[in-house]
Amino acid sequence: AFNLQLLDWTGFSLDKNINSRLRTNIERCELSLLDLRNYLFSRQGGILISMGKGDQVSKRCLNFLHNTLQELNIMEMECAEGSKEIWVCLCALEVLNNTKGNNLHTAALWSFLREKLLVLGKLCGLTPGHKPDSSQLHLVVSLFGGLKDERYLKLENNQQNPAERLKEALSSQHSFEKNYLDIAETAISNYKHIGRIRSARLIGIELAEFYLDADQVQQAIAFLADSLKTFQFEGWETLSMRTLLDLAKCYKLINESEKYLRTCVQIASCPGASLQDREFYFREICKKLDEHPAGSKIIASADDTVQVLSATQIKERLDETTVPGCKIKFTLELHSNLPVDIECSSIEVSVVQSLPEPERKVSTVLEDRRASRRGVNRSPSVASSNASVFSLAEEEDESEESGRDPGKPHMQERLEYKQDKSLYAARLVCRNATKVLKRKDSSGTILKDGQLKPADYCNALTASNVTLYPGLNKVELHGKAGVQGIYTLSQIRVCWRQLSLLENLGVPAPTFTVAREEPVILLNKGDTELLAGKSNKLSLSIYCGSENIEAGLEISVTCGRGLTARNAHDSEYSNTITVKFPAGSPFETISVEIWVLCLLENKKDANSIEYTVKISDPWRQNTMDISLNFMPALYSTFNLLTAMSKKFLQLKVHCLDQKLSYRISNVSLGLVNEEKLPELKLESMNDDYSELVISKQFEGAFLWQLVSSLSSGSNSDSSGNNKVTDQPAVVMLTLTYTPEDGSEPEREFRSTFQFQDYRTLYTIFAKVEPAKGNEFCRASTLCPMKIEVEQLYPDPHSSLFYEILADQTQWAVCGKQGAVIDIQQSVKENIVVDVMPLTGGHLPLPTVRLSKYIPAEGRGGGLGSARLDPFSIGQVYNMSRTQQIHVLPPANQGQEFLSLP
Amino acid sequence: MASCVAVIGKENSPLYIACITPEQELGFHYSLHTSLDFIEEKLSSTNKGNDHRDLYLGLLYSTEHQRIFGYVTNTKIKFVIIVNVDATNTNLRDNETRQMFRKLHVAYTNVMSNPFYTPSTRINSNKFAAVANSILAKQS
């Protein structure tokens with residue numbers, strides 16, 4: 001029969017002797033429920049310890065304590081206040097004394113002991129800040145009364161058995177505090193040792209409360225801050241909120257105004273806190289700030305106060321490039337968690353340049369690797385593996401160009417092949433893994449205060465006098481771009497009164513690129529061809545690149561020989577001109593018109609003329625050569641025509657201008673070397689037009705007769721004069737031209753022509769006569785061909801060779817086809833050769849060719865060793881050229897062979 | 001039956017907490033937070049052995065007045081149920097706790113299926129709350 005009242009709350013002992021004493025009690029049925037439980041567990045514990053499973057004891061002890069307490073509860077046992085706690089403490093102390101070191105379960109047991117001891121301390125008025133009154137003192141005495149000392153062994157070496165220790169702990173306020181803190185610290189360190197940080201933190205919170213009661217605020221702060229770190233790290237808002245409120249109280253107590261301020265900011269911006277709390281602490285902030293000297297700066301974390309949701313660069317155009325020195329605009333989306341509007345003196349975002357150099361290094365390293373790989377792979381798989389590597393390299397170049405975002409993972413496909421060219425592996429490689437996977441700093445905010453350093457704000461994007469309302473805000477930040485490179489927004493600073501709220505922007509941080517582009521000078525000719533001999537409009541332009549070009553920039557243009565230029569407003573052409581440019585803003589093209597005029601002289605064909613223009617480049621400190629191709633606006637051609645002994649000079653003037661017609665006038669032709677050739681004279685055969693209009697389709701043609709005062713008759717008596725015929729004649733055509741629309745002044749065109757052998761030395765007259773007695777020539781009958789060669793001027797080569805060349809399908813030459821004739825004896829030479837027409841019809845006469853015959857010197861005779869020298873064109877005039885003769889078909893042939901004329 | 005039901009995210013931040021007695025909420029929060037210690041311990045000890053662990057972790061720990069049970073999905077979402085130990089329910093069968101967790105898991109899966117729900121944010125679903133409350137309400 002168990003007593004319904006609990007009178008004895010002595011804990012169990014793991015000592016065998018004491019247990020056997022308990023057993024005799026059981027045998028005598030003099031036991032309480034607690035005695036039975038104590039006995040059973042102590043026996044169990046004893047066995048476990050002797051089995052070497054000491055750690056099991058503490059585990060089972062905790063369950064045993066929980067269960068027994070529950071049991072007492074269920075059985076509605078009447079127990080004195082504090083008696084159960086005494087029992088728990090004694091049991092726990094007994095087990096903890098008997099288990100060496102710490103294992104998973106001792107920590108929980110320590111914690112339970114601490115909990116119960118604290119309850120006892122509160123009951124007995126031993127906690128700091130209280131004084132035990134008489135009833136509490138009485139309670140202690142009565143609690144000790146139910147504790148039987150004899151159930152515990154006295155320990156050696158001044159060690160306390162559980163009863164002694166508990167009695168000591170409850171003996172005075174001071175020793176309670178000492179013992180409690182001792183046990184609590186042991187519990188915490190045990191928990192930390194086995195990695196149950198959160199359990200340790202929970203004790204820490206209670207310990208902080210205890211310290212706070214004991215006026216040891218610094219200790220309390222330490223525990224609270226540790227707990228806060230854990231709670232905030234894992235996002236337990238309610239818990240961190242509570243802890244923050246406690247911390248705020250602590251800071252206020254010890255007058256740590258900066259830390260108090262920071263904590264107030266955190267509370268005021270914590271969405272988990274009640275609005276009352278938030279507004280209260282906001283007022284606290286304002287109060288504290290009023291107390292602070294105006295110039296001082298207090299740094300606080302803005303992590304939860306002002307959150308940066310996004311930062312976007314605003315561009316006026318989609319393709320706008322940010323260039324050095326230009327204005328940058330960013331829109332920040334901020335979320336203010338403060339309950340009230342704040343007037344910020346400034347909001348700044350610091351900017352850090354990420355150097356482009358490392359990127360380049362990466363690419364060179366890659367190239368090296370590529371090279372080595374190629375070197376190694378001398379297997380048949382070289383081709384395929386190379387292809388893959390090459391394509392990879394290309395991709396990389398592209399991405400390099402496009403300016404990769406350093407925060408984004410840069411993934412690449414990589415294929416590897418076996419020797420037989422089959423795919424061995426395909427993998428995805430992250431090229432910038434170290435950057436992307438950089439650990440995001442996630443330590444607690446309070447602790448961060450020390451580490452949070454203001455970044456360099458001299459190149460920051462700023463906005464001043466901004467009011468941040470609770471909730472979403474959009475702020476426009478302005479800044480100026482620095483030198484070229486990629487910039488990362490690193491930190492935001494919100495300045496509100498003396499407070500600087502700092503927050504490092506998360507990964508991937510927004511970036512922007514500042515590009516620099518060199519200005520480029522261009523010379524454009526438009527869509528029409530440039531024409532020599534008339535002025536051409538060119539446009540000299542500067543593509544400003546990323547530069548701002550001030551008005552009045554001068555660029556000098558130097559033309560090569562034969563080319564002149566002028567500014568649009570000048571009237572005179574000169575070799576060098578200076579072009580002044582208007583102002584240009586980045587990425588604009590500014591242009592100035594210039595005119596160039598290319599000399600047109602002595603142009604005899606339609607080929608274009610190339611000229612070089614040198615343009616000074618003020619950015620690269622050098623000059624650049626630009627070659628321009630000009631089509632001649634006009635050109636002339638020359639022909640020497642012969643009619644018997646008469647000579648004519650035909651000159652044609654062609655126009656190449658697609659658009660304009662030209663009016664030409666004052667056309668004249670003169671002998672340049674008149675003094676050497678006094679016998680020559682030019683006689684114009686042209687109609688007396690004052691002007692002629694020519695265009696691309698209509699050329700102008702002019703004709704002059706070359707009259708020689710040495711007539712063919714008077715030549716023979718003074719052969720010395722004959723030599724002058726070797727002297728070449730030079731004639732010059734001069735004319736003035738102007739575009740028909742009158743857009744340009746008249747300009748002169750000259751061209752000179754040189755010609756030789758301008759006398760007809762021989763004339764040839766050939767005819768084929770019908771055979772004797774016949775009226776017509778008939779095919780297949782022999783006909784005599786009479787050739788008459790006449791010398792008009794004495795010629796040193798009097799030994800001539802004539803040939804009769806005939807189409808062999810039409811003519812058969814029966815006599816000598818060629819022979820040497822000596823024309824010196826007589827001025828005229830008649831040759832008769834028999835030829836036979838082979839077909840009927842109008843046949844062209846066989847051609848007679850006359851050449852100079854130069855016999856081989858020394859070795860006489862034989863045509864083989866002699867040399868034939870042709871006459872120049874015009875020296876021999878063939879009167880019968882292109883003549884035809886009507887040949888009747890052969891008489892005895894059938895009708896079907898009749899060849900119609 | 002249960003006095004507190006909680007869903008804790010992959011990164012150990014609370015996604016949903018409901019309890020029967022609002023005045024005790026702070027205490028439950030502390031208990032839940034502490035339970036993470038035990039969950040982590042269990043996960044690290046079981047994960048080493050076999051991949052196919054039971055989602056139900058069983059009793060995490062108990063205090064004088066509470067028993068705390070845990071359940072971890074394959075995506076490391078933790079469900080924790082706290083049962084008050086008092087005269088009325090001393091013996092809670094293992095099967096019953098499993099049943100509660102299974103209900104909770106199904107409800108959570110439904111929440112996740114909602115395209116408007118962002119994973120690892122607080123759960124604001126009436127249906128989920130109804131299920132959680134049904135687990136809480138069974139107590140009496």
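Please read these numbers as outputs of a predicted model, since none were measured by experiment. By convention in this document, chain letters (A, B, ...) are assigned in the order of the sequence lines, proteins followed by strands, and residues within each chain are numbered from 1.
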Sub-6.0 Å ring centroid separation between A:F64 and A:W87
yes
State whether a side-chain donor-acceptor pair under 3.5 Å links [X] with [Y].
X	Y	answer
B:K103	B:S134	yes
A:Q70	A:H66	no
A:T68	A:R37	no

Can you tell me which of A:L239, A:T238, A:L69, A:L202 forms the most heavy-atom pairs within a distance under 4.5 Å of chain B?
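Sorted descending by pairs with chain B, the first entry is A:L239.
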On the 0 to 90° scale, with breaks at 30° and 60°, tag the B:F101-B:Y56 ring pair as parallel, tilted or perpendicular.
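Ring orientation, 0 to 90° scale: tilted.
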Check the angle between the aromatic planes of B:F79 and B:Y71 and answer parallel, tilted or perpendicular using the 30° and 60° thresholds.
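Ring orientation of B:F79 relative to B:Y71: parallel.
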Quick check on the interface: out of B:I17, B:L32, B:L26, who has the most heavy-atom pairs with chain A under 4.5 Å?
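With the most close heavy-atom pairs to chain A, the winner is B:L26.
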So which of B:G9, B:S62, B:S35 has the largest heavy-atom pair count under 4.5 angstrom toward chain A?
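Of the options given, most contacts go to B:S62.
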What part of [X] gets within 4.5 angstrom of chain B, counting heavy atoms only: side chain, backbone, both, or neither?
X	answer
A:F112	side chain
A:R196	both
A:K116	side chain
A:L65	neither

Segment of B:E64 engaging chain A (4.5 angstrom heavy-atom cut-off)
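Its backbone and side chain both get close to chain A.
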Which answer fits B:Y61, side chain, backbone, both or neither, if we ask what part of it has an atom under 4.5 Å from a heavy atom of chain A?
neither
Does the pair B:R98/B:D54 count as a salt bridge with the N-to-O cut at 4.0 Å?
yes
